[in-house]
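Down below is the structure, laid out as structure tokens.
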Amino acid sequence: MLQLQAIRENKDLFIDALKKRNIDAAPMVNEVIQLDEKRRTTQTQLDNILAESNKLSKDIGALYQNGKYQEAEALKQKTGSLKEDSKKLGDELKTATETLQALLYQIPNVPHDTVPAGTSEEDNEEVYEEGAIPVLQTDALPHWELAKKYDIIDLELGVKIAGAGFPVYKGKGAKLQRALINYFLDKNTAEGYTEVQVPHLVNEASGYGTGQLPDKEGQMYHLTEDNLYLIPTGEVPVTNMFRDQILDVGDFPLQYTAYTPCFRREAGSYGAHVRGLNRLHQFDKVEIVRVEHPDRSYAALDEMVEQVKIILRELELPYRILRLCGGDLGFTAALTYDFEVFSTAQDRWLEISSVSNFETYQANRLKLRFKDENGKSQLAHTLNGSALALPRVLAGILENYQTGDGIRIPEVLVPYCGFDMIS
RNA sequence: GGAGAAAUGGCAGAGUGGUCGAAUGCGGCAGUCUUGAAAACUGUUGAGGGUCACACCUCCGGGGGUUCGAAUCCCUCUUUCUCCGCCA
């Protein structure tokens, strides 16, 4: 959520910056300002009435204590109309505040200066590429064929148990997945991220805190009986650890890593590109989350990008980094780098990580603040990234490491797997 | 799941329906003292709205109610603790 006061002071700046997202924010921003003015005048009126009635109540109390019951009763008569007015104004204030809040929820974050203009993923800017794309023999298979051939992932079995998009990993496939999780967590903790295990279901407040609610409501599995949501990413529980907190400036940097399954309804996405592990309803992910001082958040973002690069380099997977354009940038992010691994047999790039700085957008919703050097409280910056998402990394390994004899295991994973070949 | 108790500032812990945003202690911060530190003493120390700044308003787990007036009374939800039941 954008900061109201900042909008009030620089509305044109916001309207301009949001153009990069290809939206005309002017009507919304103007309405925000209007609603805010309404809210404030109502608040002032209400405050005055409350002040008056507080004073009357005190006077009545004093009169009672001095035994002047007649005078007290007389004063009581005067409180009736004040009560009515305050009730009416209170309702108005509530409505104005809620309307304003709902509107603010609808305005996306302001893109960072470096975010390229553009309307779709076509316009994302490639900023880095590393790793040679292997040349495979002509009979190379896509990962879903390999999964079947070596009996390591069973998609049909998952259909029986749950439905499409819920794979069953078997034997060396399961072990490889577990190896990747451990490897990722080890890399992250070695870099100073504290490992946490967090709930996989979150309440409504957490959903609002990180911005999945209200705009992505339909993408999350919702347990209506208990009003809980299955997490679409570890970002939600981990970042919400800090909701409603006022940190000390010395607490930075806060860095956490968590392994969690992720659940996504993926309503409306079907077709050839969702085959195999490409798009699932349940998948595993190791997430890194940071809470940072505003002055340091972009340095932190760079460090997170570096962290993901190192992992991919060690896995010897060919990858590229994209800076997302305004049209492709997530609702809550100010700047996002996507990592894509080249999936050789599918001949396409697969997104395996997304690293973002949300600046104060989430913090404002989370009420995540810190006391700065002058003792004033201000909003912190939040960041997160995948390090990494499992299924597509797995797909990349299966496809890129396939040989005529089987699938080779990347060297760094051999100690974690206990085998060096799937055949 | 059943029965009971509780929820107050960073923490601990008072609080009779009126002058309680809330005693006291600890912690934090500033100062005095000291070569320095500790101790002692003095002062200060929640959040939000509002204002140029004050004033003023809101918040004692959340929501609602009674009352001129609620931390205090009532209803409800949530959470925690104790006992019972079930259970990885």
Side-chain angles (χ1 to χ4, degrees), chain A residues 1-10 32-104 197-209 213 223-229 237 240-252 254 261 291 360 363-380:
Chain A
M1 184 164 61
L2 297 174
Q3 288 173 264
L4 189 54
Q5 201 177 339
I7 295 180
R8 210 150 73 195
E9 284 162 8
N10 296 301
V32 162
I33 288 173
Q34 219 172 11
L35 279 166
D36 178 49
E37 268 165 25
K38 161 80 179 155
R39 194 203 96 234
R40 278 184 298 156
T41 53
T42 310
Q43 174 92 63
T44 307
Q45 289 170 2
L46 178 62
D47 284 357
N48 290 337
I49 287 173
L50 288 176
E52 204 175 324
S53 99
N54 284 346
K55 192 172 176 307
L56 272 178
S57 291
K58 276 187 190 176
D59 291 347
I60 291 170
L63 288 172
Y64 268 121
Q65 280 178 348
N66 293 324
K68 299 177 179 169
Y69 301 112
Q70 301 266 318
E71 290 176 49
E73 289 302 324
L75 274 189
K76 271 197 198 180
Q77 304 303 316
K78 295 168 74 175
T79 61
S81 69
L82 285 176
K83 233 184 159 183
E84 270 174 44
D85 288 352
S86 74
K87 178 144 176 47
K88 182 169 143 279
L89 283 167
D91 289 345
E92 268 180 51
L93 181 65
K94 197 176 168 197
T95 309
T97 309
E98 283 170 356
T99 317
L100 179 59
Q101 185 77 359
L103 188 62
L104 279 171
Q197 293 190 359
V198 290
H200 300 164
L201 274 71
V202 293
N203 58 27
E204 212 175 14
S206 294
Y208 275 96
L213 292 175
L223 284 71
T224 51
E225 185 88 2
D226 300 289
N227 198 25
L228 293 169
Y229 294 84
N240 271 283
M241 295 197 302
F242 303 99
R243 174 153 46 88
D244 288 321
Q245 276 207 33
I246 301 178
L247 303 163
D248 192 84
V249 70
D251 293 337
F252 296 123
L254 290 170
V291 179
T360 60
N364 195 22
R365 291 188 177 194
L366 292 160
K367 294 193 172 61
L368 168 47
R369 292 158 292 175
F370 69 98
K371 286 249 189 268
D372 67 17
E373 293 78 355
N374 304 316
K376 286 193 68 175
S377 73
Q378 54 170 302
L379 294 171

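This one's a predicted model, so the numbers in the text were calculated from it and none came from an experiment. Hydrogens, waters and symmetry mates are skipped; everything else that's a heavy atom, side chains included, is used. Every chain is numbered from 1 and lettered A, B, ... according to where its sequence line falls, protein lines coming before strand lines.
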NZ/NE/NH1/NH2 to OD/OE distance under 4.0 Å, A:Glu92 and A:Lys38: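 Salt bridge flag = yes for A:Lys38 with A:Glu92.
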
With a 3.5 Å distance limit and no angle check, can you tell me whether [X] reaches the backbone of [Y] through a side-chain donor-acceptor pair?
| X | Y | value |
| --- | --- | --- |
| A:Asp251 | A:Asp248 | yes |
| A:Arg365 | A:Tyr208 | yes |
| A:Asn364 | A:Leu2 | yes |

Rounded to the nearest Å, what distance is computed from the [atom1] atom of residue [X] to the [atom2] atom of nucleotide [N]?
| X | N | atom1 | atom2 | answer |
| --- | --- | --- | --- | --- |
| A:Glu84 | B:C68 | CD | P | 13 Å |
| A:Lys58 | B:C56 | NZ | P | 9 Å |
| A:Leu50 | B:C57 | CG | P | 8 Å |
| A:Asp244 | B:G9 | CG | P | 14 Å |
| A:Asp248 | B:C11 | CG | C1' | 16 Å |
| A:Lys94 | B:G62 | NZ | P | 15 Å |
| A:Leu82 | B:C57 | CG | C1' | 15 Å |
| A:Leu56 | B:U19 | CG | P | 15 Å |

Rounding to the closest angstrom, what is the interatomic distance between [N] and [M] at atom [atom1]?
| N | M | atom1 | answer |
| --- | --- | --- | --- |
| B:U45 | B:G25 | C1' | 15 Å |
| B:A47 | B:G36 | C1' | 38 Å |
| B:G13 | B:U51 | C1' | 36 Å |
| B:G9 | B:U66 | C1' | 28 Å |
| B:G63 | B:A70 | C1' | 16 Å |
| B:A12 | B:U16 | C1' | 23 Å |
| B:G62 | B:U78 | P | 15 Å |
| B:A55 | B:G50 | C1' | 10 Å |

Measuring from the side chain of [X] (C-beta onward, heavy atoms only), which nucleotide among [options] has the closest atom?
| X | options | value |
| --- | --- | --- |
| A:Ser377 | B:G49, B:C68, B:G48 | B:G48 |
| A:Gln43 | B:G48, B:G49, B:G46 | B:G49 |
| A:Asp47 | B:C57, B:G50, B:G46 | B:C57 |
| A:Thr79 | B:C56, B:C68, B:A47 | B:C68 |
| A:Lys83 | B:U58, B:G69, B:A47 | B:G69 |
| A:Arg40 | B:U67, B:G50, B:G18 | B:G50 |
| A:Lys76 | B:C68, B:G49, B:G46 | B:C68 |

Can you check whether any acceptor in the base of B:G69 is under 3.5 Å from a donor in the side chain of A:Asn54, or vice versa?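 Under the 3.5 Å cut-off, the side chain and the base do not form any donor-acceptor pair.
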
Checking base pairs now: Watson-Crick or wobble, both atom distances under 3.5 Å. What partners [N]?
| N | value |
| --- | --- |
| B:A6 | B:U79 |
| B:G36 | none |
| B:C41 | B:G31 |
| B:G21 | none |
| B:G1 | B:C84 |
| B:C56 | B:G49 |
| B:U72 | none |
| B:U67 | none |

A:Leu46 or A:Ile60: which one's nearest nucleotide on RNA chain B is closer to the 5' end?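 Here A:Leu46 is the residue nearer the 5' end.
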
Residue met sooner reading RNA chain B from 5', once A:Gly61 and A:Arg39 are mapped to nucleotides: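 Its nearest nucleotide lies further toward 5', so the answer is A:Gly61.
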
It should be established whether [X] places a side-chain nitrogen or oxygen under 4.0 Å from OP1 or OP2 of nucleotide [N].
| X | N | result |
| --- | --- | --- |
| A:Ser57 | B:G17 | no |
| A:Lys376 | B:A47 | no |
| A:Arg369 | B:G46 | no |

Heavy atoms only: give me the nearest A:Leu366-A:Gly209 pair and the separation to one decimal.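 Answer, listing the atom of A:Leu366 first, then A:Gly209: CG-O, 3.4 Å.
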
Polar side chain donor-acceptor pair, A:Ser206 to A:Asn203, under 3.5 angstrom: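 Indeed, the side chains of A:Ser206 and A:Asn203 share at least one donor-acceptor pair under 3.5 Å.
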
Do A:Glu52 and A:Asn48 have side-chain atoms, one donor and one acceptor, less than 3.5 Å apart?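 Judged by distance alone, the side chains do not pair up.
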
For A:Gln34, does the CD atom sit with more than 12 other heavy atoms under 6.0 Å from it, leaving out its own atoms?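 Not buried by this count: 12 neighbours or fewer within 6.0 Å.
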
With sugar-phosphate meaning primed atoms plus P, OP1 and OP2, does A:Lys55 contact a base, only sugar-phosphate, or nothing at under 4.0 Å between heavy atoms?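 If one applies the 4.0 Å heavy-atom cut-off, A:Lys55 turns out to touch nothing in the nucleic acid.
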
